[in-house]
There are 2 protein chains.
Amino acid sequence: MKWNPYAAECPTRQLLDRISNKWVVLILGLLVDGPKRFSVLKREIDGISQKMLSQTLRNLEHDGLLTRRAFPTVPVTVEYELTPLGQSLNVAVDPLRKWATGNMTKVFRARERVECRTSE
Amino acid sequence: MKWNPYAAECPTRQLLDRISNKWVVLILGLLVDGPKRFSVLKREIDGISQKMLSQTLRNLEHDGLLTRRAFPTVPVTVEYELTPLGQSLNVAVDPLRKWATGNMTKVFRARERVECRTSE
DNA sequence: CAGAATCCGTAAGGATACTG
DNA sequence: CAGTATCCTTACGGATTCTG
């Protein structure tokens with residue numbers, strides 16, 4: 001079988017759409033070194049709504065990238081942990097996170113150049 | 001200066017949002033080995049509208065990731081080519097494309113497992 | 001605490017038509 | 001050919017409320 005995201009109907013196109021997403025990238029980055037609780041993730045990802053967080057987590061669980069474990073404490077505690085598949089995806093998105101932080105300055109300079117040109 | 005995409009107001013958050021996008025990933029992948037014309041890109045990325053293509057290309061140019069060159073032919077010819085910065089971004093997103101095609105089967109299996117569970 | 005459910009505004013994005 | 005402009009319809013995603 002030959003997968004090809006350049007074909008509109010190929011499942012890899014939708015998969016690519018699912019995983020190329022800032023929330024996915026940020027969540028995976030936090031789960032690299034061990035499981036974390038819902039509220040911890042929410043606190044560490046500044047600005048994410050609980051709707052987006054739970055929705056993204058559900059999708060990731062559905063696709064086998066992480067596991068959800070609920071502990072019958074009072075109140076309930078829930079932990080999310082990367083599966084081996086999720087770990088491998090994190091390896092793939094890690095360069096993206098690093099690129100963003102590592103090249104922000106260069107992007108800024110490029111934007112300034114354009115603004116100068118348009119103001120001429 | 002310390003960039004941190006986990007902070008909502010950090011510019012790297014928006015940058016990450018911009019580059020974590022299926023169209024960006026697909027376009028960059030096509031421009032790795034040399035410049036390409038608008039119509040060629042449109043044809044090779046099945047299902048992309050010309051609106052999304054031109055919009056994404058404009059953003060990428062704005063951020064210094066590619067250059068646009070128009071040739072005064074009749075009708076006009078336009079070529080897009082990666083800048084060194086764009087090349088470096090492509091290196092960062094390349095693992096993502098490969099992950100999607102390389103793990104589609106595993107994701108499918110994970111989804112089936114969930115569907116079995118919910119139908120019980 | 002960890003969500004599900006609802007409501008709602010905005011923006012993403014397709015389709016179509018028009019231009020240099 | 002390579003767009004821009006417009007319209008229009010989804011769905012993304014935030015805010016709020018409610019529950020085990």
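Below, all heavy atoms of this structure are taken into account, side chains as well, without hydrogens, waters or symmetry copies. Labels below follow one simple rule: chain letters A, B, ... track the order of the sequence lines, proteins then strands, and each chain is numbered from 1.
Contact check on R13(A) versus D17(A) returns no salt bridge, with no Lys/Arg side-chain nitrogen under 4.0 Å from an Asp/Glu carboxylate oxygen.
Within 4.0 Å (heavy atoms only), Y80(B) reaches sugar-phosphate atoms of the nucleic acid but no base atom.
In this structure, R58(A) reaches the dA4(C) phosphate: one of its side-chain N or O atoms is under 4.0 Å from OP1 or OP2. Distances shorter than 4.0 Å separate some side-chain N or O of S39(B) from OP1 or OP2 on dA2(D).
With rounding to whole Å, N59(B) atom CG is found 14 Å from dG3(D) atom P. One atom, NZ of K22(B), and another, P of dA12(C), lie 13 Å apart when rounded to the nearest Å. The separation between L53(B) atom CG and dT4(D) atom P is 11 Å, rounded to whole Å. Between K42(B) atom NZ and dA15(C) atom P there is a gap of 9 Å when expressed in whole angstrom units.
Nearer to the 5' terminus of DNA chain C, by closest-nucleotide assignment, is the contact made by R37(A) (compared with the other of G47(B) and R37(A)).
Taking only side-chain atoms of F38(B), from C-beta outward, the nucleotide of dG14(C), dC1(C), dG3(D) with the closest atom is dG3(D). Comparing atom distances between the T77(B) side chain and each of dG20(D), dA2(D), dA5(C) picks out dA2(D) as nearest. Nearest to the side-chain atoms of V76(A) among the listed nucleotides dG14(D), dG20(D), dG3(D) stands dG20(D). In this structure, of dT6(D), dA2(C), dG3(C), it is dT6(D) that holds the atom nearest to the side chain of K51(B). The side chain of R68(B) approaches dA2(D) more closely than any other nucleotide in the set dA2(C), dA5(D), dA2(D). Set against dT4(D), dA2(C), dA2(D), the side chain of S54(B) has dT4(D) as its closest nucleotide. Comparing dG13(C), dA2(D), dA5(D) by their closest approach to the side chain of Q50(B) singles out dA5(D).
More than 12 heavy atoms of other shown residues, nucleotides or ligands fall within 6.0 angstrom of atom NZ in K42(B).
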